[in-house]
There are 2 protein chains.
Amino acid sequence: MAPMENITYQKWLSQFRKGYLELCVLVALRQRKSSYGFELLQTFENAGLEINEGTLYPLLNRMQKNGWLTSRWETPVDSGHPRRFYQLSKEGKTLMSAMLTAYQDHEHTLTQLKELK
Amino acid sequence: MAPMENITYQKWLSQFRKGYLELCVLVALRQRKSSYGFELLQTFENAGLEINEGTLYPLLNRMQKNGWLTSRWETPVDSGHPRRFYQLSKEGKTLMSAMLTAYQDHEHTLTQLKELK
DNA sequence: AATAATACTTTGTAATGCAAGGTATTATAT
DNA sequence: ATATAATACCTTGCATTACAAAGTATTATT
């Protein structure tokens, strides 16, 4: 059985991404200062994370609605399709720190479990 | 703002546990060979992971239904409340390996994102 | 003129963590 | 002897999110 082709594994993977994707967006925006959906999709893909458009765009909207991000429309200098650029808000930065801590806690828990006797 | 008290953070944390809890159960059962719900709750708590009863018991049922676990009822030797003991199935072991790989992939992706320029 | 690429949006479905409440048995304290 | 706590498991309903699929609009390429 090749796990990657297993439906049950794919479903689990979808669930496993919940919450994780928000953290990825926050970290990417911390590094980039500012970015937009399409660029983030490519950034994630380069980092080994392929996610669906229909996942990212609603995610960005939710995160803004929650006050973690701010956004503004911007048209490329020469011409080109307008882009919605997102930035971290103060709350977004605070939350990102908490999330990174939670991430480390999870790592720590898993390590503990692996060492169970 | 203390993140732990923030509702928006708590909600995120619930989402973040999705998928992760399955991996924890699989790893704990790999180490323990055999265990039951109530004991797993304590094991997780000792490992720094507090989860709700109403989360774990349905989770164990689902995992068995999916064929990842097998179970049998057992009553303590002296007397005591009967317990449903769970064990990893062959499929469960295979899937656990795939999940651990996915976990590492996520770690790797996050590291990449943290190093973005 | 047609196609591809860029860029974002919307809708419906499946899945899961959690709170809250419930059942039953055994052990402990009064 | 009685009440309480601890052990052990189960069920229901809710809120949330990843995804597939389909859609809109603009710009670039063939």
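Just so you know, these numbers come straight off a predicted model, no measurement behind them. Proteins come first, then strands; the chains are lettered A, B, ... in the order of their sequence lines, and each starts at number 1. Values reported hereafter were calculated over all heavy atoms of this structure, with side chains retained and with hydrogens, waters and symmetry mates removed.
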task: Considering just the side-chain nitrogens and oxygens of A:R62, establish if one lies under 4.0 Å of OP1 or OP2 belonging to C:dT9.
output: no
message: Please determine whether a side-chain nitrogen of the Lys or Arg among A:E91 and A:K93 lies less than 4.0 Å from a carboxylate oxygen of the Asp or Glu.
response: no
- prompt: What integer distance in Å separates B:I7:CD1 from C:dA19:P?
  reply: 12 Å
- prompt: Atom CD of A:E45 to atom P of C:dA5: distance rounded to whole Å?
  reply: 14 Å
query: Quick one: is A:K11 getting a side-chain N or O under 4.0 Å of the C:dA15 phosphate, OP1 or OP2?
result: yes
- prompt: Hey, does the side chain of B:Y86 reach the backbone of B:T70 with a donor-acceptor pair shorter than 3.5 angstrom?
  reply: no
statement: A:Y36 atom OH is separated from D:dT26 atom P, nearest whole Å, by 18 Å
message: So if I take every side-chain heavy atom of A:T55 and compare against D:dA18, C:dG17, D:dC10, which nucleotide ends up nearest?
response: D:dA18
Separation of atom CG in A:L40 from atom C1' in C:dT6, rounded to whole Å: 15 Å
task: Classify the side chain of B:E53 and the base of D:dC9 as holding, or not holding, a donor-acceptor pair under 3.5 Å.
output: yes
message: Can you measure A:E74 atom CD to C:dA7 atom P for me and round it to whole angstrom units?
response: 12 Å
- prompt: Base, sugar-phosphate alone, or nothing: which one does A:E39 contact when heavy atoms must sit under 4.0 Å apart?
  reply: nothing
Run the side-chain donor-acceptor check on residues 38-47 of chain A: report pairs under 3.5 Å with partners two or more places apart or on a different chain.
| from | atom 1 | to | atom 2 | distance (Å) |
| --- | --- | --- | --- | --- |
| A:E39 | OE1 | A:S35 | OG | 2.6 |
| A:T43 | OG1 | A:R32 | NH1 | 3.0 |
| A:T43 | OG1 | A:E39 | O | 2.9 |
| A:N46 | ND2 | A:Q42 | O | 3.3 |

message: Give me the atom names and distance for the closest heavy-atom approach of B:R30 to B:L100.
response: NH1-CD1, 4.2 Å
Whichever of B:E50 and A:F85 has its nearest DNA chain C nucleotide further upstream toward 5': A:F85
message: Quick check for you: among C:dA7, C:dG17, C:dT16, whose closest atom lies nearest to any side-chain atom of A:Q15?
response: C:dT16
Atom-to-atom span, CG of A:L56 to C1' of C:dT9 - whole angstrom: 12 Å
- request: Show your reasoning for whether side-chain contact (heavy atoms from CB on, under 4.5 Å) applies to B:E22 and A:W12.
  value: CA-CA 9 Å; B:E22 268 128 331; A:W12 171 81; 3.6 Å; yes
- line: By nearest-heavy-atom nucleotide on DNA chain D, the more 5' of B:W73 and A:P82 is B:W73
- prompt: Contact class for B:P58 vs. all strands (heavy atom < 4.0 Å): base, sugar-phosphate, or nothing?
  reply: base
query: OP1 or OP2 of C:dA19 less than 4.0 angstrom from a side-chain nitrogen or oxygen of B:N52, does that happen here?
result: yes
- prompt: For A:E22, which contact category applies under a 4.0 Å heavy-atom criterion: base, sugar-phosphate, or nothing?
  reply: sugar-phosphate
field: Any side-chain donor near an acceptor of the partner, B:Q87 and B:S34, under 3.5 Å
entry: no
query: Separation of B:H81 atom NE2 from D:dA8 atom C1', in whole Å?
result: 4 Å
- prompt: Mapping A:R83 and A:W12 onto DNA chain C by nearest heavy atom, which one lands closer to the 5' end?
  reply: A:R83
message: Can you tell me if A:R17 touches the phosphate of D:dC19, counting only side-chain N or O atoms and a distance under 4.0 Å to OP1 or OP2?
response: yes
- prompt: Closest to the A:N61 side chain: D:dT7, C:dT9, D:dA25?
  reply: C:dT9
message: Return whichever of A:I51 or B:R84 has its heavy-atom-nearest nucleotide of DNA chain D closer to the 5' end.
response: B:R84
task: Assign B:S14 to base, sugar-phosphate, or nothing according to its heavy-atom contacts below 4.0 angstrom with the strands shown.
output: sugar-phosphate
field: Nearest-angstrom distance from the residue atom CD of B:Q42 to C1' of D:dA6
entry: 10 Å
message: Heavy atoms only, 4.0 Å cut-off, all strands: where does B:G54 land among base, sugar-phosphate and nothing?
response: base
query: So, is B:Y57 close to the D:dC9 phosphate, meaning a side-chain N or O under 4.0 Å from OP1 or OP2?
result: yes
